[in-house]
2 protein chains.
Amino acid sequence: METTTQTDYSKPKAELNAANIAKPLTIEPPQPHIARQSCDDCVTKPVCAAGVLKRNMPASYHSRLFRTQRFAKGKHLFYAGDSLSTLYIIKSGSFKTYFCTEEGDEQVMGFALPGDILGADALADQRHNLSYMALETSTLCVAPVNTLKTLANRFAPNWLLQQVHGEVLRERQLMLMTARKYSADTRVAYFLLELSARHRARGLSEVEFKLTMPQRDIAHYLDMALETVSRVFTRLQEHSILMIKRPYVRINKVAELKAMVDESLLP
Amino acid sequence: METTTQTDYSKPKAELNAANIAKPLTIEPPQPHIARQSCDDCVTKPVCAAGVLKRNMPASYHSRLFRTQRFAKGKHLFYAGDSLSTLYIIKSGSFKTYFCTEEGDEQVMGFALPGDILGADALADQRHNLSYMALETSTLCVAPVNTLKTLANRFAPNWLLQQVHGEVLRERQLMLMTARKYSADTRVAYFLLELSARHRARGLSEVEFKLTMPQRDIAHYLDMALETVSRVFTRLQEHSILMIKRPYVRINKVAELKAMVDESLLP
DNA sequence: CGATCTATTGACGTTGCTCAAGAGTAGTGG
DNA sequence: CCACTACTCTTGAGCAACGTCAATAGATCG
């Protein structure tokens, strides 16, 4: 499989293209989301983790269940070990989920985007196993867990189970990607394509988006040294597959990025 | 951390000790379990995955729920993709759970021992994500999933959720162990100690037990090459920390094995 | 007793980690 | 607004752990 050969990319190595660098990214700064009570015009609607639940639930319950809240960058929503009291769904912004080993280094388990649920890892034993940190200032839908559980049992009995199961599948996919047989290049390519697909699912551009997490977190997510992440990014830019203008990224050649990852792993 | 330094073990490297090799292992061949209807004298009772369920359930339901069945070595209970119809609990024997990537190599997710449940990964979406293969001829408790779900909802409402959640925790632990920062030595040591602890929990010897899985499976579980597994085993025997007499293994120096793994990771 | 699967051992090459030093960027307070 | 500090990122050099390939020995099964 040529996906694992290093520094090949099967294309001429272009010098870091001045014209390319000059070309400004067309991304808008993120619009501040206006917190509305209704879900109807929420941008996350098509991917909202509570979607099924809401569709099966009389509209009158909505306002009882969800309130909105701002949450500052760098702050923690839960720490691993906290007991469960409230679940959240991201309306705008992003979070990382992680846990720390006793030696103090952290294992990043995932990045949460608008529509994703935060805290579902605690549904089974009422205690969080992961810490959740805001990567940027975000807005959240807040749902008291008891109300949520009651409504879920009544209107979507499988919902809780599926949230926990989603966790299994996501983490299994991550474990697969971080297997030794996949090179650093493959992992980073996968990471970018995964983010790209999730942005597309949210109706956002799949080629230009914001990398809200520092390379350190990407490294801890993909189980590699941060220097290696940096080197891969540099290489991808040299081949003009990618263009990074912190904190934004543009994927110039999706096909070549995909060629670095096995078909079967693509999101 | 000196746990990651290779080929040190902080002890004199003993030649493969002839006296040691001659000394026969004291393990009995596994007694064939007699399949009884009652759970009362089942050896797996203290660790049975359905323990909570049974304790909360009138005894009259037991016979309706569980039947026993023999299952031959090498056979598959489910394949990934099968739809869920029956859950099993191991009465005796062992299984491996795994899935295959499109390229054909397999990722082993775990080894199941007596008392462990088989098939719970399908509880959320009624479809198995993993394949289950018997590592030796085994006996199983068979439970039709519909009956089980009904009874669980009635007598132990959190049980289903906890089974799925258990999966999350186990796989997360595995992911942690297979992180790059842990050496091949550390992983194998961890693997042995994990098995040891699980045997102890079942009232069996924690220093002498049967390694029912081939090294190939251990390698795919710990995400390493099978040659590396073999080398570590050899090294551990050279330092007489371990003694292997296929398919049995004896841990001679538990303390030194534990010293190879971080405290925090120990089961 | 041959065929097949499993384990052992050696030689070699490579990927990616570590350590280290420097440049770029952001946040803070005078 | 600028200077100072603290991150974050970049880049290089060296090294070692582990994967790969290959050949052999041992075990298991019909």
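Each chain gets a letter, A, B and so on, in the order its sequence line appears, and its residues count up from 1. Every heavy atom of this structure was used, including side-chain atoms; hydrogens, water molecules and symmetry mates were not.
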Can you confirm whether the side chains of A:S94 and A:T212 place a donor and an acceptor under 3.5 Å from each other?
yes
Side chains of [X] and [Y] in contact at under 4.5 Å (non-hydrogen atoms):
X: B:F233; Y: B:I244; answer: yes
X: B:F71; Y: B:L77; answer: yes
X: B:V261; Y: B:R187; answer: no

Apply side-chain hydrogen bond (donor to acceptor under 3.5 Å, both in side chains) to A:Q107 and list each qualifying residue two or more places apart in sequence or on a separate chain.
none
Expressed as a whole number of angstroms, how long is the span from [X]:[atom1] to [N]:[atom2]?
X: B:K245; N: D:dT28; atom1: NZ; atom2: P; result: 13 Å
X: A:D105; N: C:dC17; atom1: CG; atom2: P; result: 13 Å
X: A:E136; N: C:dG27; atom1: CD; atom2: P; result: 13 Å
X: A:R180; N: C:dC17; atom1: CZ; atom2: C1'; result: 12 Å
X: B:Y182; N: D:dA17; atom1: OH; atom2: C1'; result: 17 Å
X: B:R187; N: D:dA17; atom1: CZ; atom2: C1'; result: 11 Å

Toward the 5' end of DNA chain D, which comes first, B:M224 or B:P247, by nearest nucleotide?
B:M224
Let me spell it out: for each of B:K73 and B:D223, pick the nucleotide of DNA chain D with the closest heavy atom. Which residue's pick is nearer the 5' end?
B:D223
Stepwise ring-ring contact (aromatic ring centres under 6.0 Å, His included) check, B:F95 with B:Y132:
CA-CA 6 Å; B:F95 280 70; B:Y132 292 71; 7.4 Å; no
Is the NZ or CZ atom of A:K96 positioned over A:Y98's six-membered ring, under 6.0 angstrom from the centre and within 45° of the axis?
yes
Reading nucleotides 4-14 of chain C from the 5' end, what letters show protein touch, with B for base, S for backbone sugar-phosphate only, - for no heavy atom under 4.0 Å?
---SBBBB---
What's the angle between the local helix axes at either end of the helix from C:dC1-D:dG30 to C:dA21-D:dT10, using five pairs per end and rounding to 10 degrees?
50°
Aromatic ring pairing A:F209/A:H199, orientation class (parallel under 30°, perpendicular over 60°, tilted between)
parallel
Between A:R200 and A:E206, which heavy-atom pair has the shortest distance, and what is it?
NE-OE1, 2.8 Å
